[in-house]
Protein chains: 2
Amino acid sequence: MQQFSIGELSLHAGVKVPTIRYYEQIGLLEAPLRTQGNQRRYGRAQLERLRFIAHARAMGFAMDSLRSLLRIAGHRQGPCADVDALARAHLAEVDDRIASLTRLRGELVAMLSGGRHGTVGECRIVEVLSDHEQCASAH
Amino acid sequence: MQQFSIGELSLHAGVKVPTIRYYEQIGLLEAPLRTQGNQRRYGRAQLERLRFIAHARAMGFAMDSLRSLLRIAGHRQGPCADVDALARAHLAEVDDRIASLTRLRGELVAMLSGGRHGTVGECRIVEVLSDHEQCASAH
DNA sequence: TTAATCCCTCTAGTCACTGGAGGTTCAAGG
DNA sequence: CCTTGAACCTCCAGTGACTAGAGGGATTAA
């Protein structure tokens, strides 16, 4: 069973060492085993969890969403009603994000293909991102 | 030509009043006109810009990405090479996000439909979000 | 014109990190 | 074994992006 020092974990997960300690401090990551000399040693599972956190954060999920996603992910054994509701809420959030991003994507593509040389149509990136009506969830 | 007080702007854009002042302070929003009594008055264009900012932030774009998106959006008159490159970079970022979110969506759907009562398959939400290989851009 | 509401600036607090000081532990080479 | 340099430890202070509050002035509806 593989063991990682905090530096190795940092490398493998792409998360800075102080950030790992911070996550431990706020309870996002469980406190790992320690060596005789008080240094942290992590296993595979904790690496996965940290990657999960890093990736979710990079995608813009709030810390709260993250905690509940982790809760969902923890319930691999058949969701209770509680977890089910969480999953539903996240599905809605995810759908909104995908819709927004897809529209933005369309605009970027149009910009790149359409307006390349001199003459241009309207760039609607601003409208795409500023039109709040098209955004199902409040924020 | 319509004028908004900072409070009205806040309502229409869904951004808190102190946040608007903060955005002005850091130069994301240009300083608006003032009344005789020194109160801020905004126009349509600034409302659009603020909505843009709010929406982009809600979707998890970093402040830096945001500034450059604004730069792109500003160049509605035929992109120079510079802006073109920015747009390309954002397209890549947007594509990555869409891909990640789509996979996460699939997992959430599978959880909700598949594992509802008792017997369950594996929940792979963690794997979906923790698999860094499938993420084209570094973060 | 006066009262309620909104706005002003300034300062301080929060959250999620990020970095540094000062000291300890680990592991590879001699 | 023993050393030595990189990596680790704790603690504390700083940053970015807000957020809230105090103390006081402006606007507007009655």
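Numbers restart at 1 for each chain; the letters A, B, ... are given by sequence-line order, proteins then strands.
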Within the structure, does a side-chain N or O atom of [X] lie under 4.0 Å from either OP1 or OP2 of [N]?
X       : N      : result
A:Tyr23 : C:dC17 : yes
B:Ser5  : C:dC7  : yes
B:Arg40 : C:dC7  : no
A:Thr19 : C:dC17 : no

Can you tell me the distance, in whole Å, between the [atom1] atom of [X] and the [atom2] atom of [N]?
X       : N      : atom1 : atom2 : value
B:Asp64 : D:dA17 : CG    : C1'   : 13 Å
B:Ile53 : D:dA17 : CD1   : P     : 12 Å
A:Gln25 : D:dC9  : CD    : P     : 14 Å
B:Glu8  : D:dA26 : CD    : C1'   : 14 Å
B:Tyr42 : C:dC7  : OH    : C1'   : 11 Å
B:Glu24 : D:dC18 : CD    : C1'   : 15 Å
A:Ile20 : D:dC9  : CD1   : P     : 10 Å
A:Asn38 : C:dG23 : CG    : P     : 17 Å

When you measure from the side chain of [X], which nucleotide among [options] comes out closest?
X       : options                : answer
A:Gln39 : D:dT19, C:dC7, C:dC26  : C:dC26
A:Met63 : D:dC18, C:dA16, C:dC8  : C:dA16
A:Arg34 : D:dT10, C:dC7, C:dC17  : D:dT10
A:Arg41 : C:dT18, C:dA27, C:dT9  : C:dA27
A:Pro18 : D:dT27, D:dT19, C:dT18 : C:dT18
B:Arg57 : D:dC9, D:dC18, C:dT18  : D:dC18

Contacts of A:Gly37 and A:Tyr22 projected onto DNA chain C by closest heavy atom; the upstream (5') one is A:Tyr22
Per nearest nucleotide of DNA chain C, the residue lying toward the 5' end, A:Thr35 or A:Arg21, is A:Arg21
Sequence neighbours left out, cut at 3.5 Å: what donor-acceptor pairs do the side chains of residues 21-31 of chain A make with other protein atoms?
unit_1: A:Glu24; atom_1: OE1; unit_2: A:Arg40; atom_2: NE; d: 2.7

Checklist line | Side-chain heavy atoms of A:Leu47 within contact of A:Phe4, under 4.5 Å | finding: yes
Practice prompt. With side chain to side chain donor-acceptor pair (under 3.5 Å) as the test, would you mind laying out the steps for A:Gln39 and A:Arg41 before giving the verdict?
Written response: CA-CA 7 Å; A:Gln39 299 197 357; A:Arg41 286 300 117 97; 3.0 Å; yes
Can I get a per-line list of side-chain donor-acceptor pairs under 3.5 Å for residues 57-65 of chain A, giving both atom names and the distance, sequence neighbours left out?
unit_1: A:Arg57; atom_1: NE; unit_2: A:Phe61; atom_2: O; d: 3.4
unit_1: A:Arg57; atom_1: NH2; unit_2: A:Phe61; atom_2: O; d: 3.0

Would you kindly confirm whether B:Val109 and B:Leu104 end up in one hydrophobic cluster when ILVMFWY residues are joined by side chain heavy atoms under 4.5 Å apart? yes
